[in-house]
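Note sheet for the following structure.
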Amino acid sequence: MAAITLKDINKRYGDGFHAVKNVSLDIADGEFVILVGPSGCGKSTLLRMIVGLEDITSGELRIGDERVNEKAPRDRNLSMVFQNYALYPHLTVYENIAFPLRLAKTPDKEVDERVRRASGLLELDEHLDRKPANLSGGQRQRVAMGRAIVREAQAFLFDEPLSNLDAKLRGQMRTEISRLQKRLGITTVYVTHDQVEAMTLGDRVVVLRRGVVQQVASPRELYENP
Ligand code: ADP
Ligand code: ADP
């Protein structure tokens, strides 16, 4: 868990396009922040700069009290949860959650402790031997989050995780993500173009337009003063 600080962040792509303009934002420890705006407004670019998949042209990014602009993605210890959850179909739930620890050559005993702790928190204990194909969408989402939890990531970053789901499942998942985020208390940045998600999920909503922060408000303030 850590606070994330963006100070005067800019992104110019190689072709000169200025996709993110002077974005400053303080994200508190444990806070759930939504980045919302129309397609092309710079949401993914901003998220990718935070994770380290895209260079920051100018400005400063801090995680906790450390400047991380120059750090490789794996050294930022953030966890990106993608649209399709990127689960391995041939691996069990247990091994899907354990995957980052296996990569890091963590000893079996510790892997077991950490996977069981994560699966307890996520109420996946009964599903550890199953394969992703046999799980519900909500359970798959939890496996993806479990993978982030075992790494003891400092924050979750979501890039439109629900946009491929049907309306009913999307509603269930909204409830689930919000409940889990509160329970885990992990700092979360969540990108969406969906107004309902923006208004129901987070503590704070950042509205982006053409690369500029247009508004920062609580969902309630946005509702009363759109
Ligand atoms: P969003 O996630 O809000 O849909 P993006 O961050 O993907 O927006 O894109 C923001 C703007 O930056 C868009 O105008 C897009 O065309 C442009 N863009 C994104 N990636 C690149 C790139 N690699 N090179 C040039 N322009 C890009
Ligand atoms: P999303 O829908 O998730 O925002 P896009 O389909 O806009 O993603 O972009 C997919 C990929 O294409 C990204 O890696 C992005 O950087 C790249 N891209 C987007 N717009 C441009 C652009 N105008 N020029 C070059 N690459 C781009």
Side-chain angles (χ1 to χ4, degrees), residues 1-6 25-37 43 46-47 50-51 62-64 76-83 85-87 93 96-97 100 113-128 135-165 167-207 215-224:
M1 261 178 290
I4 301 174
T5 312
L6 284 69
L25 191 63
D26 281 316
I27 301 171
D29 205 346
E31 190 179 21
F32 194 151
V33 168
I34 308 283
L35 294 181
V36 69
K43 307 182 292 292
L46 198 51
L47 202 70
I50 297 174
V51 223
R62 302 177 81 82
I63 299 176
R76 297 184 187 195
N77 197 19
L78 304 173
S79 187
M80 185 94 159
V81 182
F82 292 97
Q83 217 167 60
Y85 313 137
L87 301 180
V93 167
N96 265 286
I97 295 176
E113 283 165 10
R114 285 163 71 170
V115 169
R116 289 188 191 279
R117 196 166 346 122
S119 60
L121 276 172
L122 296 165
E123 294 164 15
L124 284 169
D125 323 63
E126 290 172 11
H127 306 289
L128 289 174
L135 301 176
S136 70
Q139 290 165 338
R140 274 181 231 160
Q141 173 82 59
R142 278 184 269 152
V143 177
M145 291 170 86
R147 206 190 262 167
I149 292 168
V150 286
R151 284 180 43 206
E152 290 162 3
Q154 307 201 66
F156 284 158
L157 305 176
F158 289 90
D159 194 357
E160 309 228 15
L162 309 184
S163 59
N164 284 339
L165 306 179
K168 180 159 170 271
L169 188 53
R170 202 154 57 222
Q172 290 168 5
M173 297 298 301
R174 272 204 304 273
T175 312
E176 179 126 335
I177 288 177
S178 148
R179 191 177 65 88
L180 277 171
Q181 197 276 341
K182 294 248 157 8
R183 160 133 43 123
L184 301 171
I186 188 162
T187 311
T188 300
V189 184
Y190 186 107
V191 160
T192 184
H193 64 268
D194 183 301
Q195 297 292 335
V196 179
E197 286 176 33
M199 295 303 268
T200 54
L201 272 170
D203 301 316
R204 217 147 45 111
V205 183
V206 176
V207 183
Q215 199 170 9
V216 182
S218 69
R220 183 176 195 97
E221 288 163 343
L222 275 184
Y223 183 75
E224 289 167 355

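Residues Pro100 and Val150 form a side-chain contact, since some pair of their non-hydrogen atoms from C-beta on lies under 4.5 Å apart. Proximity of Gln141 to Leu162: side-chain heavy atoms (C-beta onward) are separated by under 4.5 Å at one or more points. Counting only heavy atoms from C-beta outward, the side chains of Leu157 and Asp159 never approach each other to under 4.5 Å. Counting heavy atoms from C-beta on, the side chains of Leu6 and Leu46 come closer than 4.5 Å. At least one side-chain heavy atom of Leu47 sits under 4.5 Å from a side-chain heavy atom of Met80.
Using a distance-only test at 3.5 Å, with no hydrogens or angles considered, no donor-acceptor pair links the side chain of Lys43 to the main chain of His193.
For the atom pair Arg174 CZ and Tyr190 OH, the distance stands at 8.5 Å (nearest 0.5 Å). Rounding to the nearest 0.5 angstrom, the gap separating the OH atom in Tyr223 from the CD atom in Gln195 is 13.0 Å. If you take CD1 on Ile149 and CZ on Arg117, they are separated by 10.5 Å, rounding to the nearest 0.5 Å. Asn96 contributes atom CG, which lies 11.0 Å from atom CZ of Arg140 (distance to the nearest 0.5 angstrom). Rounded to the nearest 0.5 angstrom, Leu201 CG and Phe32 CZ are separated by 4.5 Å. In this structure, OG on Ser218 lies 8.5 Å from CE on Met199, to the nearest 0.5 angstrom.
With sequence neighbours left out, Glu113 forms a side chain to side chain donor-acceptor pair (under 3.5 Å) with Lys109. With sequence neighbours left out, the salt bridge (Lys or Arg N to Asp or Glu O under 4.0 Å) criterion links Glu224 to Arg220. The side chain to side chain donor-acceptor pair (under 3.5 Å) check on Arg62 picks up Glu60, with sequence neighbours excluded. In this structure Arg183 satisfies the side chain to side chain donor-acceptor pair (under 3.5 Å) test together with Glu123, sequence neighbours excluded. In this structure, the side chain to side chain contact (heavy atoms under 4.5 Å, CB included) partners of Arg76, at least two apart in sequence or on a different chain, are Leu61, Ile63, Val68, Lys71, Leu78. Qualifying salt bridge (Lys or Arg N to Asp or Glu O under 4.0 Å) partners for Arg204, counting only residues two or more places apart in sequence or in other chains: Glu31. The side chain to side chain contact (heavy atoms under 4.5 Å, CB included) search around Gln215 returns Val207, Leu222, not counting sequence neighbours. The side chain to side chain donor-acceptor pair (under 3.5 Å) search around Ser136 returns Gln139, not counting sequence neighbours.
When each of Leu184, Ile177, Thr187 is checked for a side-chain contact (heavy atoms from CB on, under 4.5 Å) with Phe156, only Leu184 meets the rule.
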Derivation and outcome, side-chain contact (heavy atoms from CB on, under 4.5 Å), residues Arg142 and Leu135: CA-CA 10 Å; Arg142 278 184 269 152; Leu135 301 176; over 6 Å; no
Test log, rule side-chain contact (heavy atoms from CB on, under 4.5 Å), inputs Val143 and His127: CA-CA 10 Å; Val143 177; His127 306 289; over 6 Å; no
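Here the shortest heavy-atom pairing between Ile186 and Ala155 reads CG1-CA, 4.0 Å. Listed here is the closest heavy atom pair of Val205 and Pro219: CG2-CG, 4.1 Å. Considering all non-hydrogen atoms of both residues, Ala118 and Ile97 come closest at CB-CG2, 4.5 Å. When all heavy atoms of Ser79 and Arg151 are compared, the pair lying nearest together is OG-NH1, 3.8 Å.
Applying the salt bridge (charged side-chain N to carboxylate O under 4.0 Å, His left out) rule to pairs touching residues 184-203 yields nothing, sequence neighbours excluded.
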